> 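Please see the structure below; I have some questions.
Letters go in sequence order (proteins before strands), and every chain restarts at 1. The model shown is predicted, which means the values in this text are computed figures rather than measured ones.
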Amino acid sequence: MRDADIHPVLRTLRREVRQWPDPVVGVVAKDSSQDPFRILIATVLSLRTKDLTTAEASGRLFALADTPAAMLKLTPARIERAIYPVGFYRNKAVQLLGISRALLGRYGGRVPDDIDELLTLPGVGRKTANLVVTVGYRKPGICVDIHVHRISNRWGYIKTRTPEESEEALRAKLPKRYWITYNDLLVPFGQHLCQPVSPWCSRCKVSDYCDRIGVTRSR
DNA sequence: AAAACGGGGGC
DNA sequence: GCCCCAGTTTT
């Protein structure tokens, strides 16, 4: 895909995405006025779990606690029951308490808006930190989850092997005015249409771009 | 029955 | 770089 193709592709996707169910990030952003703490917690919950199964779990948890101080009043067992059946729920219950403790102790219960500070929190890596910054604070950033990584390469826009490489490549190549839009659209696009195996090319409104670059059609 | 899901951390 | 982490969903 050439640089000049990005704008029409994103514009088309923006029209389509409105009709799809929200991904967990969209749900959280909508239900919480993009509260950074909710973004952070929901993102941790979604690790190594299908994002859509995380949406209900995070909703149940936020009904109990949506601040670090409130979270620290919960026992690990109570958190586990709320977030079941997301994968790794035992580890994640402990981890959520660790994050809440660090936020309360070091930042007065506020969630930092700085990547490097976010990365010091237990279990927070580049994807989670970037998501908090871009979705929680609406600051420009490149948040490469598995969908952004896969689709960027499927389009041939970049050629990278790891999400880390993709973040670097996109930061250098993708015009900055598209950064947030790119993140917002590619996640739901990847979840609902442009999936890892057998994507729904017949329902995809931008499949003509794949045709032009010779990507094989799926169902 | 087996693969898919999918980010972080430890080595 | 490689491998492990846990449990549900899809093939």
> Which nucleotide sits closest to the side chain of A:Asn91: B:dC5, C:dC5, B:dG6?
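Comparing B:dC5, C:dC5, B:dG6 against the side chain of A:Asn91, the answer is C:dC5.
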
> Any donor-acceptor pair under 3.5 Å linking the side chain of A:Lys139 with the backbone of A:Asp113?
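Yes, because the side chain of A:Lys139 sits within donor-acceptor range (under 3.5 Å) of the backbone of A:Asp113.
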
> Cut-off 3.5 Å, side chains only: do A:Thr128 and A:Thr43 have a donor facing an acceptor?
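Absent: no donor and acceptor within the cut-off.
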
> If you measure from the P atom in B:dG8 to the same atom in C:dT8, how many Å do you get, rounded?
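Their P atoms lie roughly 23 Å apart.
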
> How far does the P atom of B:dG6 sit from the matching atom of C:dT10, given to the nearest Å?
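About 12 Å, rounded to a whole number of Å.
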
> Which of the following nucleotides, C:dT8, B:dG8, B:dC5, is nearest to the side chain of A:Tyr84?
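Minimum distance to the A:Tyr84 side chain belongs to C:dT8.
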
> Considering Watson-Crick and G-U wobble pairs with both distances under 3.5 Å, what does B:dG6 pair with?
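Because no pair has both required distances under 3.5 Å, B:dG6 counts as unpaired.
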
> When the P atoms of C:dC3 and B:dA3 are considered, how many whole Å apart are they?
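The same atom, P, in both gives a distance of 16 Å.
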
> I want to verify a distance call: between B:dG7, C:dT8, C:dA6, whose nearest atom is closest to the A:Pro85 side chain?
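My answer, after comparing the listed nucleotides, is C:dT8.
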
> Using a 4.5 Å cut-off on heavy atoms from C-beta on, say whether the side chain of A:Arg150 contacts that of A:Asn153.
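Contact flag for A:Asn153/A:Arg150 side chains = no.
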
> Rounded to the nearest Å, what distance is computed from the NZ atom of residue A:Lys92 to the C1' atom of nucleotide B:dG9?
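In whole Å, B:dG9 C1' lies 15 Å from A:Lys92 NZ.
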
> For the side chain of A:Thr128, counting heavy atoms from C-beta on, which of C:dT8, B:dG7, B:dC5 is nearest?
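That would be B:dG7.
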
> Nearest to the side chain of A:His147 - B:dG6, C:dT8, B:dC5?
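Closest of the options to the side chain of A:His147: B:dG6.
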
> Tell me which of A:Ser198 and A:Gly87 sits closer to the 5' end of DNA chain C, going by the nucleotide each one is nearest to.
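Result: A:Gly87.
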
> Quick check against the 3.5 Å criterion: does A:Gln95 have a side-chain atom that pairs as donor or acceptor with the backbone of A:Gly123?
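At least one qualifying donor-acceptor pair exists.
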
